[in-house]
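Working notes, structure below.
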Amino acid sequence: MDLIDTEDETPRRNEPEYTVAEISGAIKKTLEGTFGRIRVRGEVGRVVRASSGHLYYDLKDDRGVLSCNTWKGQVPGLGVQPEEGLEVIVTGKVSSYGPQSRYNMIVDSIEVAGEGALMAMLEKRRKALAAEGLFDQQRKQALPFLPEVIGVVTSLQGAVIRDILHRLRDRFPRKVLIWPVAVQGENCAPQVSAAIKGFNALTPGGALPRPDLLIVARGGGSLEDLWGFNEEVVVRAAAASDIPLISAVGHETDTTLIDFAADQRAPTPTAAAELAVPVRLELMASLDSLDSRLSRSRAAMIESRRQRLADLSRALPRPDELLRPCEQRLDAALARLPSAWRAVIQTKSRAFERTGAQLRSGLLVQHTKQLKARVDKSSDALMRVLNAALARQSAQLDAAAALLTARPLQRAQRDMSDRLTRLLRDLRVSIERQIERDRTQLASLDRLHSTLSYTATLARGYALVWDAGTLVSSAEQAAQAGALELEFKDGRFATGGTQPGPGRGTGRRKPASKGPTEQKSLFDD
């Protein structure tokens, strides 16, 4: 019998040895093989959305916590987005994460656990959107009284679209544009929001007319069926719509979040059509009633004005009574007109005689001579000044010519001489023009004197009567005069105190007198 030295040999054990990776893989296979695809109910804890798009969140109850994650590609198909505090039922498979020795559940579907949870989430979302001001009354628009085009967002299947079209046709037919959408399920919210935005993106007056009013409609259903109209994207699209929007989702007792964001809520789709347009027959009846009232009011107003005019006309005087004072003033003026006309003629005649007497006295001749004398005097003085200036300039030029011998100075002398020559020429032309203007004025005065002189009157057959060089202007002076002389246009004729016979005179003709009446040329010295 051999003895074994226990201190030299290590005792052998029967447990197998595993690596860390082997045990992690075994646990993973065990979890996935044991549970497979399962459904778990619980309350959503913290929710983290990674920058990669993956969702990480906790599912808990009063005893434990289960880590959950949803990959980026699975997020759109969840149905309900996880929110903290929401009670849900998740569907997926249990797995493990070896690097952290953790097990978790990969979730690909989430649904709300019961109507109470849905209502709690709905109330929470309503308060959050209301805090942003999306439901304020100041944001809501008034509905158009009679829209030309109405846009309807609903499903083509079902009775909703037929009820709306039938009601519009009965009340007031209008053009209707229909945007078909899914009214329940996961495609409902994105399609409804896209339809609202699409109608608002249409260009007014384009090939496809832009609606004046929108109706978002759906029939009744459960809370889960109507959940697409509670989604945030639908509510925000309705609140941002520039086109007035009527919400007609569900029946009268159903309430969705789009009802709060819409400009008007209708209890049913049929009621939405009634809110959209008035009744055509009622409008026609109202117009007929207003037209009859207008006719009666117009007739009453005309009759009242006619009676008022008749009352006022009785208080007015007769037209002939109003014209009588004017006729009297006209008659008085016509009666005064002949005497006034004669007085004006006499006044003008006396003024003309005074002017003729002044002209006959030789005043104009004297004035003309004085003017000629002044002109001659001015011309002589100007010529003296000009000659003196020329003499001074010549002396200066001679002195400068004697001093300047260099060629540049000679050129300057020539330039100065040219300038002086031009100056003298311009001065002479100016003086000649002034003399010509004075000569023209004197000729004009001479013609005026010839026109106004009494000699022009003698040329027309008149004669002047003289008594010893004194002009006889009345019969009394002629009777007292001894011998008279008659002055004609070509000379004087002495009467000798007797009247000339027919065809000849009794006195002798005298040559033209050289008295004060003889007119000389204006330019004679």
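Since this is a predicted model, take the numbers as computed values, not measurements.
The heavy-atom pair separating Leu283 from Pro278 by the smallest distance is CD1-CG, 3.6 Å. The heavy-atom pair separating Ala217 from Ile164 by the smallest distance is CB-CD1, 3.8 Å.
Of the charged side-chain nitrogens involved, at least one lies within less than 4.0 Å of a carboxylate oxygen, so that Asp108 and Arg37 count as a salt-bridged pair. Ion pairing of Arg125 with Glu231 is present here, as a side-chain N (NZ or NE/NH1/NH2) and a carboxylate O approach within less than 4.0 Å.
Ser430 places no side-chain N or O within 3.5 Å of a backbone atom of Asp426 that could act as its donor or acceptor partner. Checked by atom type and distance alone, the side chain of Thr70 pairs as donor or acceptor with a backbone atom of Val107 at under 3.5 Å. Side chain of Asp136 to backbone of Arg139: no donor-acceptor contact under 3.5 angstrom is found. At distances below 3.5 Å, at least one donor-acceptor pair connects side-chain atoms of Ser295 with backbone N or O atoms of Asp291.
With no hydrogens or angles considered, no side-chain donor-acceptor pair links Arg210 and Thr203 at under 3.5 Å.
Pairs of residues two or more places apart, or lying in two chains, that qualify as side chain to side chain donor-acceptor pair (under 3.5 Å) and include a residue from residues 233-244 are Glu132-Arg236, Asn200-Ser241, Glu232-Arg236. The ring pair (Phe, Tyr, Trp, His ring centres under 6.0 Å) contacts involving residues 37-56 comprise His54-Trp71, where partners must be two or more places apart or lie in separate chains.
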Legend entry - Test side chain to side chain contact (heavy atoms under 4.5 Å, CB included) applied to Trp227 and Thr256, step by step: CA-CA 8 Å; Trp227 191 256; Thr256 56; over 6 Å; no
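Taking 4.5 Å as the limit, every side-chain heavy atom of Asp58 sits out of range of all side-chain heavy atoms of Glu43.
Remark: Leu290 engages Ser286, Arg293 in a side-chain contact (heavy atoms from CB on, under 4.5 Å) (not counting sequence neighbours).
Aromatic ring pairs are classed by plane angle as parallel below 30°, tilted from 30° to 60° and perpendicular above 60°; the pair Phe135 and Phe260 is tilted.
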